[in-house]
2 protein chains.
Amino acid sequence: MSPPRLTIGDFAQLTQLSRKTLRHYHEAGLLTPDQVDPASGYRYYSSAQIPTAQVIRRFRELGMPVPEVRSVLLAEVAERGELIAAHLARLEDQLLQTQSAVASLRRLLSPAPPAIEVRLRAAPAQVVAGIAADIDRAAVLAWYSGAMAELAALGVAEVGPCGGLYDNELFTDDHGQAMVYLAVERAPTVGRVRPIEVPAAELATTVHPGPHDDIDVTYGQLGAWVADQALALAGPVHEVYLVGPRDTPEESAWRTEIGWPVFRTAIGRPDGYPGGHD
Amino acid sequence: MSPPRLTIGDFAQLTQLSRKTLRHYHEAGLLTPDQVDPASGYRYYSSAQIPTAQVIRRFRELGMPVPEVRSVLLAEVAERGELIAAHLARLEDQLLQTQSAVASLRRLLSPAPPAIEVRLRAAPAQVVAGIAADIDRAAVLAWYSGAMAELAALGVAEVGPCGGLYDNELFTDDHGQAMVYLAVERAPTVGRVRPIEVPAAELATTVHPGPHDDIDVTYGQLGAWVADQALALAGPVHEVYLVGPRDTPEESAWRTEIGWPVFRTAIGRPDGYPGGHD
DNA sequence: GTTGACCTTCCCCCGGGGGGAGACTCGACA
DNA sequence: TGTCGAGTCTCCCCCCGGGGGAAGGTCAAC
């Protein structure tokens with residue numbers, strides 16, 4: 001006796017997936033019915049497909065995209081682990097992002113947003129030992145820690161704090177050029193490390209204390225200051241890690257200098273908009 | 001001197017939102033530019049809007065829908081807390097769901113899925129003290145604990161384990177009828193509690209041990225067994241909490257009987273599909 | 001044979017934007 | 001004052017992962 005065939009409705013009941021979703025998965029090649037009547041087009045599932053459907057449902061609940069679920073199902077057991085691990089890493093990233101968002105909101109919605117102190121200073125050009133790459137915004141954190149580890153492994157004597165340069169495109173287009181560096185006497189060429197010239201710039205700088213969860217708020221304050229001074233942004237933002245994870249695990253002790261290259265007489269017009277003469 | 005006007009590109013750079021997104025938020029009434037040139041249609045933002053844009057960005061990163069972000073921004077500080085708390089509760093739900101999905105996947109992908117023992121038994125009709133409601137699938141957990149608490153507060157002598165009935169529509173249509181009950185001598189009418197008759201049924205039952213994270217796997221195994229016996233599902237699923245949170249906080253000690261009402265000679269056809277004579 | 005529940009395809013809709021076309025505007029520089 | 005390139009405008013179609021519902025075909029029970 002062959003096992004009974006389940007109609008899409010029965011199968012939906014057993015797997016807690018909707019009929020619509022099952023049809024969608026059929027179309028997407030994710031879960032093909034055991035049999036399809038060529039005359040009527042009726043889909044028939046087998047009870048052996050229930051576990052598969054459940055696996056799919058659960059991966060989807062974890063936010064795994066449909067094509068990726070398919071490759072997990074098609075993959076051998078060996079690679080399967082990697083795919084799942086990769087997705088779990090993404091979930092962890094999301095969690096970190098959630099934590100940052102909460103910290104940032106706490107500061108943004110707090111009744112008294114403390115004012116920042118901005119200093120305008122001319123930064124001279126310097127040649128540093130840096131690692132540069134074209135990366136996606138989402139990958140910045142992972143890339144940063146990898147690059148910093150490689151720099152630290154150089155074992156070169158440092159003559160100043162380390163820092164980074166981040167293109168504005170990284171934020172507006174979701175990917176762009178990034179660079180982290182150590183200030184050293186003579187920059188070597190080892191692995192990804194190259195001697196890189198940080199060009200001279202007029203920087204509007206402020207110092208962000210503490211962990212970077214809410215650094216965007218400080219960025220915003222600095223940006224508002226720059227805009228209010230009728231200055232224009234001109235180039236990648238500079239970060240200098242005055243006190244960072246390399247110095248202390250105590251996050252509240254961190255101090256990060258943010259420097260935005262600016263030039264005068266460009267952004268907006270200080271006056272003259274019709275009717276805006278207040 | 002009036003503050004400079006920021007073009008959409010400048011503002012995008014300062015707030016790390018894309019131009020597309022800013023236009024979208026304008027259209028959605030979420031963030032209206034400080035000025036809009038009626039002739040050219042150009043949008044001009046002010047530096048004072050930077051914090052607002054950041055708040056929006058962060059709420060969006062937390063997955064808050066755009067209309068809800070708008071109401072948070074429009075709300076007075078007093079109600080704002082409630083809206084945010086409600087959203088944080090949703091985030092917590094998501095987290096629980098993620099945990100369940102991981103537990104369920106662990107069991108589904110484990111090499112040796114232990115077989116279940118199914119027992120077919122006739123359950124007699126009984127009148128119980130129950131709380132019934134038409135609810136959404138997502139709300140089941142919250143509703144369950146509330147209803148159970150109300151039942152426990154009755155202080156009535158129980159003559160058997162408590163349980164619940166859950167309509168299949170709850171799973172296929174995402175909302176439906178649910179009921180939880182205590183087995184008592186005489187069912188009172190207090191608050192939401194009513195005397196309810198649980199109708200007699202032929203049940204295919206099995207016992208799920210441990211917490212409910214992976215109970216869907218047991219459901220699937222039971223469903224596969226029922227389908228393979230050429231039985232049809234007939235009515236809401238019965239859950240009996242033989243050992244549950246009311247008995248012990250030790251989740252691994254929980255025992256939940258799942259009973260699916262079945263009737264014979266209905267689902268599928270045991271044989272005869274053209275070409276399927278294996 | 002009838003009937004009602006079930007199935008099929010098809011099309012449009014949602015949120016939250018992204019990509020790109022084609023046209024217009026801005027401001028800097030000559 | 002003209003020019004030119006970068007920036008902006010609107011408009012339309014696209015993505016995912018389905019949901020809602022219409023119009024019509026099928027299944028099996030009685």
Side-chain angles (χ1 to χ4, degrees), chain A residues 4-13 17-31 33 35-45 56-57 59-70 137 168 172-175 230 232-233 263-270 272-273, chain B residues 4-13 17-31 33 35-45 56-57 59-70 136-137 172-175 230 232 234 263-270 272-273:
Chain A
R5 306 174 305 167
L6 300 166
T7 65
I8 197 170
D10 299 329
F11 196 68
Q13 211 163 93
L17 291 164
S18 74
R19 294 150 224 248
K20 282 283 190 189
T21 304
L22 286 171
R23 285 193 267 263
H24 187 67
Y25 289 171
H26 180 195
E27 206 171 348
L30 191 50
L31 182 64
Q35 303 175 337
V36 178
D37 186 322
S40 67
Y42 272 36
R43 296 169 177 85
Y44 294 102
Y45 294 82
I56 293 171
R57 183 166 66 84
F59 275 125
R60 287 291 306 123
E61 281 179 7
L62 290 178
M64 187 180 285
V66 166
E68 199 167 324
V69 176
R70 185 174 44 189
R137 167 145 59 148
N168 292 320
T172 58
D173 299 353
D174 259 19
H175 73 275
L233 304 182
F263 65 95
R264 300 169 188 288
T265 76
I267 212 172
R269 298 183 303 294
Y273 185 76
Chain B
R5 307 174 305 168
L6 299 165
T7 66
I8 197 170
D10 298 329
F11 196 69
Q13 213 163 92
L17 292 164
S18 76
R19 293 152 223 245
K20 282 281 190 191
T21 304
L22 286 172
R23 286 193 267 260
H24 188 66
Y25 289 170
H26 180 195
E27 205 171 350
L30 191 51
L31 181 63
Q35 303 175 337
V36 178
D37 186 322
S40 67
Y42 272 36
R43 297 170 176 85
Y44 295 102
Y45 295 83
I56 294 172
R57 183 165 67 85
F59 275 126
R60 287 292 305 125
E61 280 178 9
L62 289 178
M64 186 180 284
V66 166
E68 200 168 322
V69 175
R70 185 175 42 190
D136 286 348
R137 167 145 58 147
T172 58
D173 299 352
D174 259 20
H175 74 275
F263 65 95
R264 299 168 189 287
T265 77
I267 211 174
R269 299 183 301 295
Y273 185 77

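Computed from a prediction, not measured in an experiment: that's the story for all the values here. Letters A, B, ... are given to chains in the order of the sequence lines, protein chains preceding strands, and every chain is numbered from 1.
Residues A:Ala12 and A:Leu17 approach most closely at CB-O, 3.0 Å, considering heavy atoms.
Between B:Arg43 atom CZ and C:dT25 atom C1' there is a gap of 14 Å when expressed in whole angstrom units. Nucleotide D:dC16 holds its C1' atom 13 Å from the CD atom of A:Glu27, rounded to whole Å. Across the protein-nucleic acid pair, B:Arg60 atom CZ and C:dG15 atom C1' stand 8 Å apart, rounded to whole Å.
With hydrogens and angles ignored, no donor-acceptor pair under 3.5 angstrom links the side chain of B:Lys20 to the base of C:dG16.
In this structure, the separation between CG on B:Leu30 and CD1 on B:Ile56 is 4.0 Å, given to the nearest 0.5 Å.
Of the listed nucleotides (D:dT8, D:dC27, C:dG17), C:dG17 has the atom at the smallest distance from the side chain of B:Val66. With distances taken from any side-chain atom of B:Arg19 to the nucleotides D:dG7, C:dG17, C:dT25, the minimum falls on D:dG7. Listed nucleotides C:dC6, C:dC26, C:dG17 differ in distance to B:Tyr44; the shortest reach to its side chain belongs to C:dC26. Among the nucleotides D:dG18, C:dG16, C:dG18, the one closest to the side chain of A:Tyr25 is D:dG18. The side chain of B:Arg23 lies closest to D:dC9, out of C:dC26, D:dC9, D:dG18. Considering only the side chain of A:Tyr42, D:dT26 comes nearest among D:dG17, C:dG17, D:dT26.
Position along DNA chain C of the nearest nucleotide to B:Pro67 versus A:Ile8 favours A:Ile8 as the more 5'-ward residue. If you find the closest nucleotide of DNA chain C to B:Pro65 and to B:Ala39, the one lying nearer the 5' end belongs to B:Pro65.
A stem is defined here as three or more consecutive Watson-Crick or G-U pairs, each with both distances under 3.5 Å; for DNA chain D these stems are C:1-30 with D:1-30.
Classification of B:Glu61 and B:Arg57 as a salt-bridged pair holds, one side-chain N sitting under 4.0 Å from a carboxylate O.
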Listed pairs, N/O of protein and of nucleotides 1-5 of chain D, under 3.5 Å:
none

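Residues B:Tyr42 and B:Thr7 are not in side-chain contact: their nearest non-hydrogen atoms beyond the backbone lie 4.5 Å or more apart.
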